[in-house]
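Written below as structure tokens is the structure these notes are about.
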Amino acid sequence: MLLVYAIALLLGGLLAVNAIFAYQSKHIDPAFWTTVWYQTKLLPVLFTANLMIGFGVKFTYKVFGNLTFALTFSKGIEILVCVLMGFLFMKEVPNWKTLLGLAIVIVGYWISKLK
């Protein structure tokens, strides 16, 4: 059950952070003060997302007992969230190259865990 909480926290936090930055890149004027004002208004959301990601990694570590696995697992979720944000905000449809890249990451992770 702790792993379910970890995945939910990671997904929630990573979705929030990536949605904030995707929205900023698409809809917020890149002028300095406009960006500062946008980021300032969203500090509570960024703080909450940071806590969610931190506890998600902590719970993943408690489940598996390996920090490298916990961080790699969270990075894998982040990559999937980034593909989703690219589709939702930038209308970038994943193609075979995207799937190939994700497969390379998964195989690289699998190779790194071989004993």
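Note that the structure is a prediction, hence the values are computed from the model and not measured.
With sequence neighbours excluded, no residue satisfies side-chain hydrogen bond (donor to acceptor under 3.5 Å, both in side chains) with Lys62. With sequence neighbours excluded, the residues that form a ring pair (Phe, Tyr, Trp, His ring centres under 6.0 Å) with Phe64 are Phe69. Asn50 is linked by a side-chain contact (heavy atoms from CB on, under 4.5 Å) to nothing, counting only residues two or more places apart in sequence or in another chain. Applying the side-chain hydrogen bond (donor to acceptor under 3.5 Å, both in side chains) criterion to Gln39, with sequence neighbours excluded, gives Gln24. With sequence neighbours excluded, the residues satisfying side-chain contact (heavy atoms from CB on, under 4.5 Å) with Val93 are Phe87. Applying the salt bridge (charged side-chain N to carboxylate O under 4.0 Å, His left out) criterion to Lys75, with sequence neighbours excluded, gives Glu78.
With hydrophobic clusters built from ILVMFWY side chains whose heavy atoms lie under 4.5 angstrom apart, Met1 shares a cluster with Val63. Tyr5 and Val81 end up in the same hydrophobic cluster when Ile, Leu, Val, Met, Phe, Trp and Tyr side chains are linked at under 4.5 Å.
Considering all non-hydrogen atoms of both residues, Ala6 and Thr60 come closest at CB-OG1, 3.3 Å. Of all the heavy atoms in Met90 and Ser25, the pair that sits closest is CE-OG, 3.0 Å. Of all the heavy atoms in Pro94 and Val83, the pair that sits closest is CG-CG1, 3.7 Å. Taking every heavy atom of both residues into account, Ala49 and Val17 meet most closely at CB-CG2, 3.6 Å. For the residue pair Met85 and Ala22, the shortest heavy atom distance occurs at CB-CB, 4.4 Å. Nearest heavy-atom pair across Val45 and Ala16 is CG1-CB, 4.5 Å.
Separation of atoms OG (Ser74) and CG (Leu14) is listed at 7.0 Å; rounding is to 0.5 Å. The distance from the CG atom of Leu15 to the CD1 atom of Ile53 is 9.5 Å, given to the nearest 0.5 Å. Here the CG atom belonging to Asn18 is positioned 11.0 Å from the CG atom belonging to Leu80, to the nearest 0.5 angstrom. Here Thr35 contributes atom OG1 and Asp29 contributes atom CG; the two are 7.0 Å apart, rounded to the nearest 0.5 Å.
Residues Tyr23 and Ile28 form a side-chain contact, since some pair of their non-hydrogen atoms from C-beta on lies under 4.5 Å apart.
For Tyr38 (side chain) and Ile20 (main-chain N/O), a donor-acceptor pair under 3.5 Å exists by modelled atom type.
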**Report entry** Verdict with reasoning, Tyr61 to Leu71, per side chain to side chain contact (heavy atoms under 4.5 Å, CB included)
**Finding:** CA-CA 8 Å; Tyr61 175 71; Leu71 293 173; over 6 Å; no
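Atom CZ of Phe89 has more than 12 heavy atoms from other residues, nucleotides or ligands within 6.0 Å.
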